[in-house]
Amino acid sequence: MIKTSDLVFRTMRIDHLPHIWCPGCGNGILMRDVAAAIDNLKLRQEKVVIVSGIGCSSRAAGYLDFNTIHTTHGRAIPFATGIKLASPELEVIVITGDGDCTAIGGNHLIHAARRNIEITVIVFNNNIYGMTGGQYSPTTPAGEWGTTAPYGNIDRQFDIPQLAADAGASYTARGTAYHTQQTIKAIQDGIAHPGFSLIDCYSPCPTYYGRKNKKGSAVDMMKYQRDHGVPAEQYAKLSDEEKTDKFIVGKLSQNEYPGYTQLYQQLIERSQERSQKKVYL
Amino acid sequence: MNNRCVIRFTGSGGQGVILTSVIMAEAAVLNGNKTVQSQSYGPEVRGGLCQAYTIISNEEIWFSKPEKADVLLALTQASLNKYYRDTVQTSVIIADSGLSVPGDCPASKLFRLPILETAEKVVGRLMTANVIAAAAINTLLDLFPDEIMRKAVKMHIPAGTEDLDMKAYEEGRRLAEKAKS
Amino acid sequence: MKKNVLMQGNEACVEGALKAGMRFFAGYPITPSTEIAETCAVRLPRERGVFIQMEDEIASIAAVIGASVAGKKAMTATSGPGFSLMQENIGYAALAEIPCVIVNVQRCGPSTGMPTSPSQGDYMQSRWGTHGDHPVIAVSPSTVSEVYTEAVRCFNLSEKYRTPIIFLMDEIVGHMREGVEIPDAETLEIINRPYSDVKGISKTCYHVDEGEWVPRMLPFGEGQRYNITGLLHDESGFPTNDHAAAKKLMERLMSKISSNYEDIVRVEELLMNDAEISVICYGGTARAVKEAIFEARKYGVKAGMFRPITVWPFPEKELYPHLSRLKHIIVAEHNNGQMLLEVQRAAERSVTVSFIGKIDGTLIRPEEILQKINEVQHDKNQ
């Protein structure tokens, strides 16, 4: 019998657990981090919407006890955009993966970031297509391997937070399955931030990405995250040489550009004042 | 008015001939007639030739793509050259002054009115040519009562240009009266 | 009192939708539907509704479904290429039972085709565009007044049966201005989706009560917590691999349309009572057909017009009573013969069916239909 914490009882659909993810997968830990962040913020369950796309990450929606919608591949962000614009009082959180968010859904990602719509996108980034069995994704590093890269991957990888920030996201951060506390904090801050937030979370996939690329066991992959992820303030003190194999864990960027629903509300007020085209009814 | 009248409005993009056709259709609705209005779309309307039409009738109008026009308004030589063949012997052509009508034009009635010049020099705004044209067509063909035409014009002009457009309307009427007499 | 106003078909679509309660529009510009987006951009903020121009048509339909999940009556509008892009999510809305209206102002295709030329080439796509078996209702108007009233009906059907509705317009009607009789507000029936008052976690959000056809889930945010998915699901709303549960769901989805055929189907019959030759057509094509029918009657030809307004499901039961009397059917449509297949199926070889169509972006003219009527009249007399 698995002992479940109070948090799990409060935020998850116990009768749908255990989850389907492989042993050693980071998605379960990251899902718990999302739940902890929502719980810490004391958001009302009925006002939280979890939107997911398709892929391993997308199954998280079904396990979380909020308003949940499992949409089509790549389209979680535009579904979330519709929900948020229709009901701005809802807290809309997208759980997506590297393929879902940046390959098939890449255009939606940059445009939602550009609009700075007040949704939070959490990427369960495992550097591979897991659900379909190990094909290379936009975050599989060049030179690595996938079932569709049998001679080595020649595509370069996206830096997802950088991509989002350049497109206009007003909050970006990075988390990992290993750095639980920092990741919860990053997600929490991202949800609280009044604009488009993106938290890119490394999720070890020992089954496909790890095995294909000789990354060792699930534990080895977690150790890699531990040894290479550093908080921003420590990262700043590293020499250029030391930085080459390190990455920042925690907040990467933040600004105060107004959120889209806030701007849309102002647009509605402007439209009330202005007599535009003739009105028939 | 004849039972069914097809008016084709042609010119170059930006002259407002589509609005002229919409104003005529609006007047038809206000007058209790049946009407269908449509226009050319697509690459054809990007700065080049521009074409719209309004069908006015006392009966229901079903098929909506007329081949022949009873009235043809042409504000440029290019538009006249392209559309004059779509007229018949009884058609009326209303052309901006200075335009020359090809010799094989089927239409027997021609009015040359200085629409563009009046808009620019008398009213003071070239963009009022569309209202001048609407007033002139209505007067020449004796289609709708004046107050209905004025109302139709007012429904389709930008706020704040009412004085200017009513002046244009009067000028259009005057041009037509003069041409008729 | 009815108001008679000049309106473009595309504008009338927006005004009808607003009257039905549409308060969310997401779309992407595409000829010849763009005026619908432009009119929504002007009108919706004034009604405190939402207009958003999305990055593409896939995002547009996704946002529309999202807004509907949050309780808004939502619409998108597009044309051929965009309609193709929307297909996957239309299937999602059909399976997850999310009400929404998709307007397709058809243009000449395939591919980029002739964007400003009329066509009815998406008739079959509006039925079978998305993958898998799924329920469909598609409606096609032939006058600007009908665009207005049928837009209202599209929303009503969508809400009542919790299903996406294809409003299959065409360039002829979309770009035309006509006087529109705006019906009095009190004469227009406005239907809203049924809701239950269950609060808290809902484990039976897709349960359907005896005698009803659709589930009664509340919009997101109103206190009912449930799951929506595009996977086949049981009445809890969660994915299932149980074939009995899958069968139950699929059968209900199909039968909520087929069992309510009478409520959904609408046709116009013109001079059909004694007709021996019937022209079957829909949408803007009917305008040429009507002229031809009136003209043929002047010469004593017993011609009539049968016009499906609801084009899917195909109104075959309305056609059946005429079959024994009809000597000839002519199907007229701006494609290479799509509804033709449905008519042939319904007529089951009991009546000769001929076809007149155009796929070059030009219009079928009344005289061409009249000529066809004369041809078959001549054959009949031989």
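The sequence lines fix the lettering, A, B, ..., with proteins before strands; numbering per chain opens at 1.
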Salt-bridge criterion met for Lys290(C) and Glu295(C) (N-O under 4.0 Å):
no

Glu170(B) and Arg173(B) ion-paired at < 4.0 Å: yes

Bottom line for Thr143(C): the part with an atom under 4.5 Å from chain B's heavy atoms is side chain

Whatever's closer than 4.5 Å to a heavy atom in chain B on Ile172(C) counts as side chain

Scored by heavy-atom pairs under 4.5 Å with chain B, the best of Pro32(C), Pro366(C), Gly179(C), Pro115(C) is Pro366(C)

Of the listed Glu291(C), Glu178(C), Met114(C), the one with the largest count of heavy-atom pairs under 4.5 Å with chain B is Glu291(C)

Interatomic distance, CD@Glu333(C) vs OH@Tyr123(C), rounded to 0.5 Å, equals 7.5 Å

Checking Ser21(B) against Gln37(B): is there a side-chain donor and acceptor pair closer than 3.5 Å? yes

query: Going by atom types alone, do His328(C) and Glu276(C) pair a side-chain donor with an acceptor below 3.5 Å?
result: no

Whatever's closer than 4.5 Å to a heavy atom in chain C on Glu67(B) counts as both

